[in-house]
Amino acid sequence: MPRAQETVLEIDLRALEHNYRYLRSKSKPTTKFLAVVKAFAYGSDSIRIAQELENLEVDYLAVAYVKEGVQLRNAGIKTPIFVLHPQAANFKELIDFDLEPSIYSFRTLKGFLQKASDQGRTNYPVHLKFNTGLNRLGFKVQDIDSILSCLNGRGELKIASVFSHLAASDDLNEADFTQKQIELFEKIATGIDGKLTYSLFKHLLNTSGIINYPEAQYDMVRSGIGLYGFGNEARIDSELKPIATLKTVISQIHTIAPDETVGYNRAFRSEKQRVTATLPLGHADGIGRQYGNGKTFVTVNGKKAPIIGNVCMDMMMIDITDINCKEGDEIIIFGEEPTAEEFATTANTISYELLTGISQRVNRVFIKE
Ligand SMILES: *Cc1c(COP(=O)(O)O)cnc(C)c1O
């Protein structure tokens with residue numbers, strides 16, 4: 001791998017393919033695969049990742065918001081794109097760019113029906129989302145008849161699929177709850193299926209669901225974090241490969257005399273002589289202040305160096321006393337060691353948050369061969 005000359009997020013597309021094939025192998029070959037590429041493909045790069053996934057022939061891509069889907073269409077992506085949380089303000093654009101909305105409430109159903117009608121569309125594919133216990137978005141089981149009567153005799157929309165989302169697929173202590181969600185989804189999905197004159201498909205599982213509840217895979221699975229190399233448990237993490245490595249370089253080295261301080265508010269105080277290195281990334285790049293003040297380590301020439309003092313907007317300082325290194329040397333913020341999951345855990349958060357927070361200021365570099 002090339003040595004970093006500045007802060008870069010290195011994205012290993014071979015790892016993406018490995019993760020895709022691993023996750024694919026966990027469900028039946030006939031089960032469709034939706035790849036979630038919302039939030040810049042979990043902070044990596046939505047366009048390049050979507051292109052790779054399109055080449056791997058995923059059945060669907062999913063984004064959270066219309067704007068993300070428009071960006072993929074403008075980049076030439078042809079795969080069907082599912083919009084998980086469209087806003088009524090963007091329904092016209094959604095239709096113009098051939099995106100497929102999740103419809104999760106009567107407000108979105110009626111609003112979208114009106115917009116499809118205004119645009120003269122027929123049989124426009126929509127996906128009905130049901131709340132089975134997450135209590136975030138979705139219709140209730142009791143809404144089925146009203147939804148169907150809203151659509152009755154209206155040719156504008158076609159229910160392409162029915163879906164729901166699990167609240168705790170990664171937590172086996174909640175297996176009873178998850179089982180109840182699965183049973184409720186079964187009731188909802190078969191209920192609707194039985195009342196339509198055409199066929200639809202059903203889907204429920206995210207990454208941890210694919211691993212822990214393969215019996216509930218239905219016609220499609222939806223995976224995000226797994227594609228990027230994390231499985232929410234050590235047993236699965238060991239099968240997956242993190243695709244992203246955040247690297248930077250040492251900008252400057254200082255020797256700090258006893259009683260000197262480092263950084264804003266003099267937050268780091270040294271009782272003895274130390275050597276520090278200043279790195280060219282900070283909270284504006286996605287490494288928040290919660291990682292400072294000795295909580296979190298980065299890797300310098302294979303050795304652990306703590307982030308000291310307050311993380312600044314564009315810089316942070318690390319303690320390299322006793323580490324053999326020089327200005328210009330490469331630093332691993334996260335990647336293989338520490339992993340993004342380990343790094344995130346030091347500040348009581350999760351890999352999802354750390355990864356999606358890496359800002360667009362950081363250059364993305366892709367590794368394929
Ligand atoms: C984000 C999201 C997913 C992907 O979840 P992972 O845990 O990253 O696999 C799947 N389904 C829905 C509805 C989502 O919002």
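Start at 1 and go down the list; that is how both ligands and their atoms are numbered. Being a predicted model, the structure only gives us computed values, none of them experimental.
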Contact check: [X] vs ligand 1, nitrogen or oxygen atoms, below 3.5 angstrom:
{"X": "Lys129", "result": "no"}
{"X": "Asn232", "result": "no"}
{"X": "Phe163", "result": "no"}
{"X": "Gly224", "result": "yes"}

(message) Check for me whether Arg73 meets the cation-pi criterion with Phe97, that is, NZ or CZ under 6.0 Å from the six-membered ring centre and within 45 degrees of the ring axis.
(response) no

(request) May I ask you to check if Lys158 and Tyr124 form a cation-pi contact, with NZ or CZ under 6.0 angstrom from the six-membered ring centre and within 45° of the axis? (result) no

(message) What I want to find out is whether Lys304 reaches Glu337 closely enough, with some N-O distance under 4.0 Å, to be called a salt bridge.
(response) no

Residue [X] vicinity, atoms of ligand 1 by number, heavy atom under 4.0 Å:
{"X": "Lys38", "value": "1 (C), 2 (C), 3 (C), 14 (C), 15 (O)"}
{"X": "Leu84", "value": "13 (C), 14 (C), 15 (O)"}
{"X": "Arg136", "value": "15 (O)"}
{"X": "Val36", "value": "3 (C), 4 (C)"}
{"X": "Ile225", "value": "6 (P), 7 (O), 8 (O), 9 (O)"}

